[in-house]
> 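This is the structure I want to talk about, given as structure tokens.
Every chain is numbered from 1, with letters handed out A, B, ... down the list of sequences. Because the structure is a prediction, the values reported are computed rather than measured.
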There are 2 protein chains.
Amino acid sequence: MARYEQIASDLRDAIVRGDYRIGAQLPSEAELALRYSAARGTVRQAVALLAAEGLVGSRQGARRIVLGSERSQSFAELHSFAQWARSMGYRASGTVLSSQRRPCSPSEAVRLSLEPGDEVLDVLRLRRLDGEPVLVERTVYAGWIAPAVERLDPHCESVTQELYESVGLVFAYGEHLIDAVAAGSEDARLLGVRRGSPLLRQRRVTTTQEGRPVECSDDRYRAGSVTFSIRNSTAANPLVRRAGD
Amino acid sequence: MARYEQIASDLRDAIVRGDYRIGAQLPSEAELALRYSAARGTVRQAVALLAAEGLVGSRQGARRIVLGSERSQSFAELHSFAQWARSMGYRASGTVLSSQRRPCSPSEAVRLSLEPGDEVLDVLRLRRLDGEPVLVERTVYAGWIAPAVERLDPHCESVTQELYESVGLVFAYGEHLIDAVAAGSEDARLLGVRRGSPLLRQRRVTTTQEGRPVECSDDRYRAGSVTFSIRNSTAANPLVRRAGD
DNA sequence: AGCTCTGGCTTGTTTGTACAAGTTCGCCTA
DNA sequence: TAGGCGAACTTGTACAAACAAGCCAGAGCT
């Protein structure tokens, strides 16, 4: 672990623990540099990390202030339902309801950088939180990863983790579209809600470290079961509104 | 504009223009430093900016790659409906339906850092996109900003901009919770949808540069009208799932 | 042909220095 | 008391240098 990550971790712990309350000032960079025997640049990297997490804010000339005190794991949580659930103290489970190969559609070809007609693997999963069904996942995997996905246990808890352990696949980048939709008849049946009731939809495309698209997915959460949270500042964070599409 | 922002801007333009296609490699830091006659550190700040926007990805040892080519304005868009609409080429309008002072509730006191019983301003707005009602906004302003809000034109297009021009107020930080809910009878009537139909809800708390809370709001979008979008990488971005609350 | 290994390239981390720009707060004055 | 001024403090920007760590392609070997 890099020095600046250690310092960031130390400061984050102090904030989460309540040593610095919300609205309070953080020590100056110079003071932190002295305390940790590090160069000012290193301290700046540490606090930049906290700023990106939304825990602290900063303005030129004034001391940094504490904006929040909740820790967030950010990336992994957004990609792996199981990892998120575990970190929140829930018990996650899941079932593959169907899994079949088929040629990709034109729109899938674009999103997964495939040639029209290339084969993809279409998987439908139902995921539960403490036994309650909360999420219907319709995922389309690119053909080159399909064999590894088909080898997975149908009741596999964390797909992300299994794929990492079996073929070393790492999900590195993702784009996510979030909106609300009415439950279709299949959604309704699987989630145990009425048809037409509100669902929170997350559509995503995930790629490897090399920028190679792995999967695109349409995930639908039962209303009330899950909330997305984001902290942002004038400086950063690419969460944007888009016109309906 | 800082040197690193100029460099970032230049590279971003090149990416958006298509000089570097998705999946392509960016020039090395050394080469960019030479091209722009800047230190390597300055170039690193520039590409870090692009990485935070989700435009490029990077791994130690390998050249940086282009992940996306769409420009996003991020923060302002998430806070100002009008500014977002304008940048997307829509015509935004809005109407204040009710506005009244009242003592704050206990939960509002916590979120806005007020004393229990302090006065707040409760405003209900309906916002339209090209004439179509798409958003019901229920905003609670802290007492100290209430006078400035009450002076606003009831049909004011951009509250954010007006408050900046009239009292120099800048929204600097925000926390946002995004989920799906069913339309209540008032929501349904205002948005012209059936009761119980799905809405995308964004609850937010906004603070000034000094970390002083200004407003908290419950915004509900008609399904299909608006989508939130986020790019993330293993390195960054604080969009997280939360258990329903 | 297929494999390993190595050397060069590229990004990541850290330190040090200098100056610019904005904030804060106390002091002084009107 | 109210306001203005300025000095000290704090964060932002930029440059330079050095080493660590990971990636990749080409050379050489089996």
Side-chain angles (χ1 to χ4, degrees), chain A residues 1-11 20 23-52 55-67 168-170 172-173 207-212 233-236, chain B residues 1-11 20 23-52 55-67 168-170 172-173 207-212 233-236:
Chain A
M1 202 189 205
R3 189 89 183 86
Y4 78 93
E5 287 175 306
Q6 293 172 20
I7 298 174
S9 175
D10 197 61
L11 289 173
Y20 303 104
Q25 293 185 333
L26 237 52
S28 74
E29 293 177 1
E31 199 181 321
L32 290 173
L34 206 65
R35 182 190 304 179
Y36 292 107
S37 307
R40 192 182 150 218
T42 306
V43 170
R44 281 181 67 79
Q45 283 186 75
V47 293
L49 219 54
L50 301 184
L55 283 182
V56 305
S58 66
R59 318 134 55 197
Q60 186 171 34
R63 283 279 191 84
R64 257 172 265 264
I65 49 178
V66 178
L67 294 172
L169 180 71
V170 175
Y173 309 109
T207 70
T208 65
Q209 285 189 321
E210 296 84 25
R212 194 177 186 191
S233 66
T234 40
Chain B
M1 204 190 207
R3 189 90 182 82
Y4 77 92
E5 287 175 307
Q6 293 172 22
I7 297 174
S9 176
D10 198 61
L11 289 173
Y20 302 104
Q25 291 185 335
L26 237 51
S28 75
E29 293 177 1
E31 199 181 321
L32 290 174
L34 206 65
R35 181 189 305 177
Y36 292 106
S37 306
R40 192 181 152 218
T42 306
V43 170
R44 280 181 67 78
Q45 282 186 75
V47 293
L49 219 54
L50 300 184
L55 247 45
V56 305
S58 65
R59 318 132 58 196
Q60 187 171 23
R63 285 275 263 268
R64 257 172 265 264
I65 49 179
V66 178
L67 294 172
L169 180 70
V170 176
Y173 308 110
T207 69
T208 66
Q209 285 190 319
E210 295 84 26
R212 193 177 187 193
S233 67
T234 40

> Can you see if the side chain of A:Arg64 gets near the phosphate of D:dG12 - specifically, an N or O under 4.0 Å from OP1 or OP2?
yes

> Side chain of B:Ser28, heavy atoms from C-beta onward: which of C:dG22, C:dT11, D:dA14 has the nearest atom to it?
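Side chain of B:Ser28 sits closest to C:dT11.
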
> Do the side chain of B:Arg40 and the base of C:dG12 come within less than 3.5 angstrom through a donor-acceptor pair of N or O atoms?
yes

> By nearest heavy atom, map A:Glu210 and B:Glu5 onto DNA chain D; which one lands nearer the 5' end?
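The residue mapped nearer the 5' terminus is B:Glu5.
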
> Between A:Ile65 (CD1) and C:dT24 (C1'), how many Å, whole number?
14 Å

> Rounded to whole angstrom units, what separation is found between the CD atom of B:Gln25 and the C1' atom of C:dT10?
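Atom-to-atom, B:Gln25 to C:dT10, this comes out as 10 Å.
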
> Does OP1 or OP2 of C:dT11 have a side-chain N or O of B:Ser58 closer than 4.0 Å?
no

> Please confirm whether any donor atom in the side chain of B:Arg59 sits under 3.5 Å from an acceptor in the base of C:dG12, or the reverse.
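Side chain to base: no pair present.
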
> In Å, rounded to the nearest 0.5 Å, how long is the span from CD1 of B:Ile7 to CE of B:Met1?
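B:Ile7 atom CD1 to B:Met1 atom CE measures 11.0 Å (nearest 0.5 Å).
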
> Rounding to a whole Å, what distance do you find between A:Gln60:CD and D:dT11:P?
11 Å

> Taking atom OG1 of B:Thr208 and atom CD1 of A:Ile65, what is their separation to the nearest 0.5 Å?
7.0 Å

> Can you tell me if the side-chain N/O atoms of A:Arg3 get under 4.0 Å from OP1 or OP2 in C:dT14?
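Answer is no, no contact under 4.0 Å.
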
> Roughly, in whole Å, what's the span from OH in A:Tyr36 to P in C:dT15?
14 Å

> Under 4.0 Å between a side-chain N or O of A:Arg63 and OP1 or OP2 of D:dC9?
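For A:Arg63, the contact criterion (side-chain N or O under 4.0 Å from OP1 or OP2 of D:dC9) is not met.
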
> Figure out the CD1/P separation between A:Ile7 and C:dT13, and round it to whole Å.
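The distance from CD1 of A:Ile7 to P of C:dT13 comes to 13 Å, rounded to the nearest Å.
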
> Can you tell me which nucleotide in D:dG12, D:dT13, C:dT14 comes closest to the side chain of B:Gln45?
D:dT13

> Strictly below 4.0 Å: does A:Thr42 bring a side-chain N or O up to OP1 or OP2 of C:dT15?
yes

> Between D:dT11, D:dT13, D:dA16, spot the one nearest the side chain of B:Ala2, thanks.
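From the listed options, D:dT13 comes nearest.
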
> Of all the choices, C:dT24, D:dG12, D:dC15, which nucleotide is nearest to the side chain of A:Ala62 once you look at every atom?
C:dT24

> In whole angstrom, what separates A:Met1's CE from D:dA20's P?
21 Å

> Quick one: CZ on A:Arg44 to CG on A:Leu32, what's the gap to the nearest 0.5 Å?
12.0 Å

> Between atom OG of A:Ser28 and atom CZ of A:Arg63, what is the distance when rounded to the nearest 0.5 Å?
5.0 Å

> For the side chain of B:Ala38, starting at C-beta, report the closest nucleotide among D:dC15, D:dG22, C:dT13.
D:dC15

> Whole Å only: how far is the CG atom of A:Leu49 from the P atom of C:dG12?
14 Å

> Might you point out which heavy atoms bring B:Leu49 and B:Ala8 nearest each other, and give the distance in Å?
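Scanning both residues completely, I find the closest heavy atoms to be CD2-CB, 3.8 Å.
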
> To the nearest 0.5 Å, what is the distance between CZ on A:Arg64 and CG on A:Leu11?
10.0 Å

> B:Tyr4 side chain: which of C:dT15, D:dA14, D:dA21 is closest?
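The answer is D:dA14.
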
> Which whole-number value in Å describes the distance from A:Leu26 CG to D:dT11 C1'?
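Spelled out: CG on A:Leu26 to C1' on D:dT11 is 13 Å.
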
